[in-house]
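Convention: sequence-line order gives letters A, B, ...; per-chain numbering from 1.
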2 protein chains.
Amino acid sequence: MNSDRFSLPIPAPDVLSERCPSRDVLRHMTSRWGTLVLIVLCHGTHRFSELKRNIGGVSERMLAQTLQQLEGDGLVLRVAHDVVPPHVEYSLTPLGQGAADRLRELAAWIEDNLPAFLPAQAA
Amino acid sequence: MNSDRFSLPIPAPDVLSERCPSRDVLRHMTSRWGTLVLIVLCHGTHRFSELKRNIGGVSERMLAQTLQQLEGDGLVLRVAHDVVPPHVEYSLTPLGQGAADRLRELAAWIEDNLPAFLPAQAA
DNA sequence: ATTCAAACTTACAAAAATGTAGGTACTTCC
DNA sequence: GGAAGTACCTACATTTTTGTAAGTTTGAAT
């Protein structure tokens, strides 16, 4: 019902409005490395070093930072086994799975249509 | 057949590999304002000032720059009527339509699932 | 004559993202 | 003993992105 004596009306989520929290979620999911991490994790659980190998060009610093952000958003689950050398596994939460599915579709579409982009890339 | 005497093998498009051009396309489409511009243009042709009004928080500078980038990628079509004051219309190319559809789905998914993110946002 | 509007552009400044290099802890292998 | 592997963190420098404010052009409205 969203309106007792004390509550203000909550506007519907809308990425087009500046202050909507959905904007932040969108930015995290579409961040340079965030998108790629989520796509890789679609294929199942991975360790830090595996992610680094799979995602061409990512630095350790950026990978660690991105993973923390995604974990903070509840998209990625981090499980550390307390052994030496360290062994940490990253996977998608159910929420992350939903996010990653959409991103995978986007990436797949780009890959499928890449020829259509190439003429433009030339310029 | 992709291999006469002079051609090098062209690897399949893959956003995970550093040098694949699909990476650049992905970055443009998922740029801060690029995503939002494409989403708005889903609803049809718009003028510069309309886009600015519809996309909360965008500056003229960023909007102009983003539109040029999307036009350069062949996603957006710019039509200028030579009158004064200027009248310019932006719309999606067929390619842009495909791109925008995927982004709209992503945005819609985020908006629909925003409640699931809010606990995480608190921290 | 002044103001206004459109769709930009430009210069400059500030903020954010990213990269590089190095360090840590501990264990196992050579 | 020394090297390698794991999953990071930290300081620092550089690059990229973004914002702000101002200027441009031309005709029409006041």
Side-chain angles (χ1 to χ4, degrees), chain A residues 15-20 23-38 40-41 44-73 76-91, chain B residues 15-20 23-38 40-41 44-73 76-91:
Chain A
V15 291
L16 295 179
S17 59
E18 197 173 358
R19 300 165 184 273
C20 182
R23 271 273 183 94
D24 302 322
V25 176
L26 179 64
R27 287 200 73 183
H28 293 172
M29 283 181 50
T30 60
S31 71
R32 177 164 187 187
W33 304 113
T35 305
L36 300 178
V37 166
L38 290 171
V40 170
L41 288 181
T45 298
H46 286 275
R47 305 180 57 168
F48 186 88
S49 53
E50 291 173 341
L51 289 170
K52 181 164 145 60
R53 266 193 300 280
N54 283 314
I55 301 173
V58 71
S59 65
E60 294 193 352
R61 187 187 179 290
M62 278 295 106
L63 182 55
Q65 192 172 301
T66 301
L67 284 167
Q68 284 169 7
Q69 178 135 90
L70 296 176
E71 196 194 350
D73 284 341
V76 162
L77 184 70
R78 187 190 115 110
V79 177
H81 302 90
D82 195 9
V83 293
V84 115
H87 184 113
V88 182
E89 297 191 324
Y90 292 95
S91 58
Chain B
V15 291
L16 294 180
S17 59
E18 196 174 359
R19 300 164 184 275
C20 182
R23 271 275 182 91
D24 302 322
V25 176
L26 180 63
R27 287 200 73 184
H28 293 173
M29 282 180 51
T30 60
S31 70
R32 177 163 187 188
W33 304 112
T35 305
L36 301 179
V37 166
L38 289 171
V40 170
L41 288 181
T45 298
H46 287 277
R47 304 181 58 170
F48 185 88
S49 52
E50 291 172 342
L51 289 168
K52 182 165 143 62
R53 266 193 299 280
N54 282 314
I55 301 173
V58 72
S59 66
E60 293 193 351
R61 186 186 178 290
M62 277 295 103
L63 182 55
Q65 193 171 302
T66 301
L67 284 167
Q68 284 169 8
Q69 179 135 88
L70 296 176
E71 194 194 352
D73 285 340
V76 162
L77 184 70
R78 186 190 114 111
V79 178
H81 300 91
D82 196 8
V83 293
V84 111
H87 184 113
V88 183
E89 297 191 323
Y90 292 94
S91 59

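- Both B/R53 and A/S31 sit near DNA chain C, but only B/R53 has its closest nucleotide nearer the 5' end.
- Using a 4.5 Å heavy-atom threshold, the side chains of A/V88 and A/V79 count as separate.
- The CD-C1' distance, from B/E50 to C/dA6, rounds to 12 Å in whole Å.
- Between B/L63 and the options B/W33, B/Y90, B/F48, a side-chain contact (heavy atoms from CB on, under 4.5 Å) holds for only B/F48.
- Among the nucleotides D/dG19, D/dA7, C/dG19, the one closest to the side chain of B/R61 is D/dG19.
- Regarding A/I55, its CD1 atom lies at a distance of 14 Å from the P atom of D/dA7, rounded to whole Å.
- The shortest distance between side-chain heavy atoms of A/L41 and A/L70 does not fall below 4.5 Å.
- Taking atom CD of residue B/E18 and atom C1' of nucleotide C/dT18, one finds them 13 Å apart after rounding to whole Å.
- The shortest distance between the side-chain N/O atoms of A/S59 and the OP1/OP2 oxygens of C/dT18 is not below 4.0 Å.
- Checking each of A/R53, A/H46, A/E50 against A/V40 for a side-chain contact (heavy atoms from CB on, under 4.5 Å) leaves exactly one that passes, namely A/H46.
- C/dC8 atom C1' lies 13 Å from atom CG of B/L51, rounded to whole Å.
- Atom CE of A/M62 and atom P of D/dT16 are 14 Å apart (whole Å).
- In this structure, A/W33 and B/F48 both approach DNA chain C, and ranking their closest nucleotides by distance from the 5' end singles out B/F48.
- Within residues 79-87 of chain B, the residues having any heavy atom closer than 4.0 Å to DNA chain C are, in order of number, B/P85, B/P86.
- Among C/dA17, C/dA7, D/dA7, the nucleotide with an atom closest to any side-chain atom of A/R27 is C/dA17.
- The side chain of A/R47 sits closest to D/dA7 out of C/dA7, D/dT18, D/dA7.
- The rotation axes computed at either terminus of the helix from C/dA1-D/dT30 to C/dC30-D/dG1 lie 20° apart, taking five pairs at each end and rounding to 10 degrees.
- Counting heavy atoms from C-beta outward, B/L36 and A/R23 have side chains that approach closer than 4.5 Å.
- Spacing between atom CD of A/Q69 and atom P of C/dT18 amounts to 10 Å, rounded to whole angstrom units.
- For B/E60, counting side-chain heavy atoms from C-beta on, the closest listed nucleotide (C/dC8, C/dT10, D/dT10) is C/dC8.
- Note: OH (A/Y90) to P (D/dT6) measures 14 Å, nearest angstrom.
- Nearest to the side chain of B/S49, among C/dA7, C/dT18, D/dC8, sits C/dA7.
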| Residues A/T35, B/V15; criterion side chain to side chain contact (heavy atoms under 4.5 Å, CB included); working and verdict | CA-CA 10 Å; A/T35 305; B/V15 291; over 6 Å; no
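- At a threshold of 4.0 angstrom between heavy atoms, the contacts of A/Q68 are confined to the sugar-phosphate backbone, with no base atom among them.
- Side chain of A/S91 to main chain of A/V76: no donor-acceptor pair is present (N/O by atom type, distance under 3.5 Å, no hydrogens or angles).
- Within the 4.5 Å cutoff, the side chain of B/D24 has no heavy atoms near those of the B/D73 side chain.
- Counting atom types as modelled, B/R32 pairs no side-chain N or O with a base atom of D/dT18 as donor and acceptor under 3.5 Å.
- With a 4.5 Å cut-off on side-chain heavy atoms, B/S31 and B/H28 do not count as touching.
- Note: CG (B/L67) to P (C/dA6) measures 16 Å, nearest angstrom.
- Side-chain contact between B/H81 and B/E89: present, with at least one pair of heavy atoms (C-beta onward) separated by less than 4.5 Å.
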